[in-house]
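Positions are given from 1 along the sequence. Since we're looking at a predicted model, the values are computed, not measured. No hydrogens, no waters, no symmetry mates; every other heavy atom, side chains included, goes into these values.
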Amino acid sequence: MQTDKISLFFKQLIQDSLQVTWTLFRVMIPTIIIFKFIEELGGITYLSQVLGPVMSAVGLPSELGLVWAATLLVNIYSGLLVFINLNMELTVAQVSVLGSMMLVAHALPVEGAIARQAGVSLWSTILVRVGGGFLFGYILHLIYEATDSSQQIATVLWQQTGLGADSSLFDWGLAQVKNLIMIYVVILVLMLVLKILKAVGIEALMTKALSPFLKVLGISRDATNLTIVGVTLGLSYGGGLLIQEARKGHIQPRDIFCSIMLLNLLHSLIEDTLLILLIGADFSAIFWGRMIFSVLLVAMLSLFLRLFVTERFERYFYRSVA
């Protein structure tokens with residue numbers, strides 16, 4: 001009987017991981033090909049020049065603008081693929097700044113649509129996430145620069161497969177296949193870790209720890225549990241539940257807005273953090289730093305929204321879906 005349970009557990013794990021991977025690959029594979037065309041046409045240099053000032057402001061090489069662009073438009077996995085293909089040597093501080101920006105702002109077309117289904121305007125989501133991502137990265141850059149800390153070279157656990165400068169298109173394609181296989185392995189391990197954390201009660205412990213922060217933000221008890229689901233597991237989970245409650249009219253518009261904004265900045269706290277750790281980022285910065293930054297930013301946003309009467313709030317920031 002015990003053997004059957006273990007067999008069923010791993011069978012379900014593999015099925016779930018394959019489903020998640022296939023969903024990602026349908027978006028990522030075209031993205032990889034598009035970025036290869038951009039590279040072959042000399043677009044890398046052009047895009048680096050356009051995005052250079054943004055990266056330079058946070059102490060990063062201009063080429064890394066491509067990593068954030070891929071992350072913003074697709075997802076963190078795509079950004080990581082671009083990162084390993086650039087094959088750059090960075091300090092822990094630089095990787096932490098880049099990783100923090102990726103964590104706060106990524107997959108805007110998909111996750112912006114989820115927030116919009118809950119009634120939050122798309123422009124609000126883009127402004128808070130892209131602006132918040134840049135602000136968080138800039139603050140970390142200033143801290144690292146002032147303290148001269150984390151200046152050692154980052155250890156990247158997810159390495160490039162080793163393409164030479166004169167490699168053929170076939171070699172490039174083979175390298176990308178190896179990278180995609182590696183992504184599946186990463187997803188499989190992450191899902192296993194998540195199941196273990198849930199089984200041993202770490203997920204429940206995180207829920208209790210986050211509850212006081214949500215009360216500070218003025219998020220009501222009705223929205224607290226749903227928000228915590230999104231913070232720990234992902235915007236798709238928590239956002240989906242909030243959409244259902246918003247349509248039923250069970251939760252007040254301002255609570256929905258603040259909850260979604262927190263989820264925009266702080267979601268998939270376990271999975272996404274583990275992903276960025278693969279490129280050598282500082283855990284304290286990308287986990288605790290991100291948490292503190294997100295809570296403070298949403299707290300200030302919540303205070304700001306109190307200046308608006310309900311009619312103006314719903315006109316500019318929120319559209320009721322009840």
Considering residues at least two apart in sequence or located in another chain, which fulfil the side-chain contact (heavy atoms from CB on, under 4.5 Å) criterion with [X]?
| X | value |
| --- | --- |
| Leu297 | Leu265, Phe293, Met300 |
| Tyr184 | Ile14, Ser17, Leu18, Thr21, Leu188 |
| Ala105 | Trp68, Leu72, Arg129 |

Glu89 CD: over 12 foreign heavy atoms closer than 6.0 Å: no
Assess the residue pair Val54 and Leu60 against the criterion (side chain to side chain contact (heavy atoms under 4.5 Å, CB included)); give the C-alpha distance rounded to whole Å, side-chain angles, the decisive distance to 0.1 Å, and a yes or no. CA-CA 9 Å; Val54 176; Leu60 298 176; over 6 Å; no
As an exercise, state the distance from [atom1] of [X] to [atom2] of [Y], rounded to the nearest 0.5 Å.
| X | Y | atom1 | atom2 | value |
| --- | --- | --- | --- | --- |
| Ile256 | Met261 | CD1 | CE | 12.5 Å |
| Tyr77 | Met102 | OH | CE | 11.5 Å |
| Leu301 | Arg306 | CG | CZ | 11.0 Å |
| His267 | Asp272 | NE2 | CG | 5.5 Å |
| Ile279 | Ser96 | CD1 | OG | 8.5 Å |
| Ile276 | Phe287 | CD1 | CZ | 14.0 Å |

List the residues meeting side chain to side chain donor-acceptor pair (under 3.5 Å) with Ser121, not counting sequence neighbours, and say none if there are none. Trp123, Ser124
Report the residues that fulfil side chain to side chain donor-acceptor pair (under 3.5 Å) with Ser149, sequence neighbours left out, ordered by chain and then residue number. Thr147
Do [X] and [Y] sit in the same hydrophobic cluster, where Ile, Leu, Val, Met, Phe, Trp and Tyr count as joined when their side-chain heavy atoms come under 4.5 Å apart?
| X | Y | answer |
| --- | --- | --- |
| Val177 | Ile84 | no |
| Ile181 | Ile76 | no |
| Val92 | Trp288 | no |
| Ile153 | Leu157 | no |
| Leu13 | Ile270 | yes |

Where do [X] and [Y] come nearest, in terms of heavy atoms and distance?
| X | Y | result |
| --- | --- | --- |
| Ala154 | Gly280 | CB-O, 4.0 Å |
| Leu103 | Arg290 | O-NH2, 3.6 Å |
| Val67 | Gly79 | CG1-O, 3.3 Å |

Short side-chain to backbone donor-acceptor contact, Ser302 and Val298, under 3.5 Å: no
Taking Gln94 for its side chain and Thr91 for its backbone only, find out whether a donor-acceptor pair lies under 3.5 Å. yes
Would you check, one step at a time, whether the test side chain to side chain contact (heavy atoms under 4.5 Å, CB included) holds for Leu262 with Ser294? CA-CA 7 Å; Leu262 182 62; Ser294 301; 4.2 Å; yes
Exercise answer: donor-acceptor pairs, residues 131-146 side-chain atoms, under 3.5 Å, sequence neighbours excluded:
| residue | atom | partner | partner atom | Å |
| --- | --- | --- | --- | --- |
| His141 | ND1 | Val58 | O | 3.4 |
| Tyr144 | OH | Asp282 | OD2 | 3.4 |

Does Leu80 reach the side chain of Leu275, with side-chain heavy atoms less than 4.5 Å apart?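 Yes; the side chains approach each other to less than 4.5 Å.
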CA sep, side-chain torsions, deciding dist, call: Leu90, Leu64, side chain to side chain contact (heavy atoms under 4.5 Å, CB included): CA-CA 11 Å; Leu90 301 173; Leu64 291 178; 3.7 Å; yes
